[in-house]
**Q** 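Quick one: the structure is below, and I'll ask about it shortly.
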Amino acid sequence: QALARPPREAARVARRAVFGASLALIFAAIWCSATAHRVSALGDTRTLSMFNIHTKESLTVTFKRDGKYDQEALKKLNHFMRDWRAEAETKMDPALIDLIWTLHEKLGSKEPIHLISGYRSAATNASLRKKGGGQAKKSQHIQGRAADIHFPDVAVKTLRNSALVQEVGGVGYYPTSGVPFVHVDTGHVRMWPRIPRLELAALFPDGKTAYLPQDGKPITRQDYKLALAKGLVNNTMIASASPAAKIKPADVVTVDGQWV
């Protein structure tokens, strides 16, 4: 027959059991939290709603699920962003789609994105150039790496500034077009037209960007401080304090005097 434990020893055993159970619960909670964080990071789901101003087509598509591109969804985007003049399509750069989604999210736009131009075949591009449209001979549109976009509920200048903050590639500003728009692409980091030094510096608190202002010289941290002192800084638009790895500066790329 087993001997009964003395009261004090029994109490110690009970406390150890409770302590052990508590530790187990704590570690389980930590593990679940960490797992949930990893799943959240990996489980990125992205949906775009777009309207093509030329074809009048609309599309809402989830192009990324659980952090992975949905190939069928990308095919739908390839068709939607096709050269409507030639009824030709190409494989659009997924990084471009991500950029457009990021801009829409960061700016809090609630309206479908208006697509002015996506893919442009070489033949269409050449035809537009002959008519004096200003298209570059080797446009990023031909490579499926560019889009001209308009957000109905966001000022076009705000869209331009947000695109600059991302530092992904080219940013073109067309505020006086019939439908004001911003060109974004995943090519070289460049912008057109260039803007005044302090206007550009106001977007980058660290005073560093691959984009160049009107005078062609890189901005500095002092330029940002001066822009701040002059009230040019909009805190909702400036670059993140810890941005993603920046692309190395590149010269502005033009072909035959035209913007790419």
**Q** Contact between Q166 and L99 at the side-chain level, heavy atoms closer than 4.5 Å - yes or no?
**A** yes

**Q** Give the intermediate values and the outcome of side-chain contact (heavy atoms from CB on, under 4.5 Å) for residues T62 and R46.
**A** CA-CA 6 Å; T62 300; R46 299 184 171 189; over 6 Å; no

**Q** In Å, rounded to the nearest 0.5 Å, how long is the span from OG of S139 to CZ of R120?
**A** 4.5 Å

**Q** Mind running side-chain hydrogen bond (donor to acceptor under 3.5 Å, both in side chains) on T124 and S127 for me, showing each step along the way?
**A** CA-CA 5 Å; T124 293; S127 175; over 6 Å; no

**Q** List the steps, then state whether side-chain contact (heavy atoms from CB on, under 4.5 Å) holds for I113 with L115.
**A** CA-CA 6 Å; I113 297 159; L115 179 69; 5.7 Å; no

**Q** Run the side-chain contact (heavy atoms from CB on, under 4.5 Å) check on F80 and Y119 step by step: do they pass?
**A** CA-CA 9 Å; F80 180 82; Y119 170 61; over 6 Å; no

**Q** Is there a salt bridge (charged side-chain N to carboxylate O under 4.0 Å, His left out) between D223 and R221? Walk through the geometry before answering.
**A** CA-CA 5 Å; D223 290 327; R221 170 66 175 163; over 6 Å; no

**Q** Looking just at side-chain N and O atoms, do N161 and Y173 make a donor-acceptor pair shorter than 3.5 Å?
**A** no

**Q** Can you confirm whether V182 sits close enough to V171 that some side-chain heavy atom of one is under 4.5 Å from a side-chain heavy atom of the other?
**A** yes

**Q** Ignoring hydrogens, what is the shortest heavy-atom contact between H141 and G118? Give both atom names and the distance.
**A** ND1-O, 2.7 Å

**Q** Test D98 against K64 for salt bridge (charged side-chain N to carboxylate O under 4.0 Å, His left out), laying out the working first.
**A** CA-CA 9 Å; D98 275 324; K64 184 176 278 189; 3.3 Å; yes

**Q** State, with a plain yes or no, whether a side-chain heavy atom of V189 is found less than 4.5 Å away from one of Y211.
**A** yes

**Q** With side-chain contact (heavy atoms from CB on, under 4.5 Å) as the test, would you mind laying out the steps for R82 and E87 before giving the verdict?
**A** CA-CA 7 Å; R82 69 190 182 279; E87 279 300 320; 3.1 Å; yes

**Q** If every non-hydrogen atom of F204 is compared with every non-hydrogen atom of T209, which pair is closest and at what distance?
**A** CZ-OG1, 3.6 Å

**Q** Any chance you could lay out the salt bridge (charged side-chain N to carboxylate O under 4.0 Å, His left out) test for E199 and K157, step after step, and finish with the verdict?
**A** CA-CA 12 Å; E199 185 179 344; K157 186 174 183 179; 3.5 Å; yes

**Q** Looking only at heavy atoms, which two atoms of P193 and M191 are closest? And how far apart?
**A** O-CE, 3.6 Å

**Q** Give a yes or no on whether I116 and W84 share a hydrophobic cluster (residues Ile, Leu, Val, Met, Phe, Trp, Tyr; joining criterion: side-chain heavy atoms under 4.5 Å apart).
**A** no

**Q** Where the side chain of Q140 meets the backbone of T186, is there a donor-acceptor pair that is under 3.5 Å apart?
**A** no

**Q** List the atom of A163, the atom of V184, and the distance in Å for their closest heavy-atom pair.
**A** CB-CG1, 3.9 Å

**Q** Is there a donor-acceptor contact under 3.5 Å linking the side chains of T45 and R65?
**A** no

**Q** Atom CG of L232 and atom CG of L200: how far apart are they, to the nearest 0.5 Å?
**A** 11.5 Å

**Q** L74 and V61: same hydrophobic cluster, using ILVMFWY side-chain contacts below 4.5 Å?
**A** yes

**Q** Is the shortest heavy-atom distance from the side chain of P94 to the side chain of M92 under 4.5 Å?
**A** no

**Q** So if I apply the side-chain contact (heavy atoms from CB on, under 4.5 Å) rule between L77 and each of I97, L96, I100, which one comes out positive?
**A** I97

**Q** Between atom OG of S109 and atom NE2 of H150, what is the distance when rounded to the nearest 0.5 Å?
**A** 9.0 Å

**Q** Testing the basics here: between R197 and D215, what is the closest heavy-atom pair and its distance to 0.1 Å?
**A** NE-OD2, 2.9 Å

**Q** Would you call P196 and Q214 a side-chain contact if the rule is heavy atoms closer than 4.5 Å?
**A** yes

**Q** Taking all non-hydrogen atoms of both residues into account, name the closest pair between G144 and T90 and its distance.
**A** CA-CG2, 4.0 Å

**Q** Taking 4.0 angstrom as the limit, do D185 and R145 come out as a salt bridge?
**A** no

**Q** For the pair D83 (side chain) and S121 (backbone), establish whether a donor and an acceptor sit closer than 3.5 Å, ignoring hydrogens and angles.
**A** yes

**Q** Between V168 and W101, is there a shared hydrophobic cluster once you connect ILVMFWY residues whose side-chain heavy atoms come closer than 4.5 Å?
**A** yes

**Q** Rounded at 0.5 Å granularity, tell me how far CG in L103 sits from OG1 in T158.
**A** 12.0 Å

**Q** Working note: K76 + E57, criterion salt bridge (charged side-chain N to carboxylate O under 4.0 Å, His left out); need CA distance, chi angles, decisive distance, verdict.
**A** CA-CA 12 Å; K76 291 181 180 179; E57 296 172 346; over 6 Å; no

**Q** Would you say the ring centers of H104 and F151 fall short of 6.0 Å from each other?
**A** yes

**Q** Can you measure from OG1 (T47) to CZ (F63) and round to the nearest 0.5 angstrom?
**A** 7.5 Å

**Q** Is there a side-chain contact between L212 and K217 in this structure, where contact means two heavy atoms from C-beta onward sitting under 4.5 Å apart?
**A** no

**Q** To the nearest 0.5 Å, how far apart are NZ in K56 and NE2 in H54?
**A** 8.5 Å

**Q** Do L59 and M81 belong together in a cluster built from hydrophobic side chains that touch within less than 4.5 Å?
**A** yes

**Q** If you take the centroid of each ring, where Trp contributes its six-membered ring, are F51 and H114 closer together than 6.0 Å?
**A** yes

**Q** Please say yes or no: joined through hydrophobic side-chain contacts below 4.5 Å, possibly via intermediate residues, are W192 and I142 part of one cluster?
**A** no

**Q** Does a salt bridge link D70 with K68, judged by any charged N lying under 4.0 Å from a carboxylate O?
**A** no

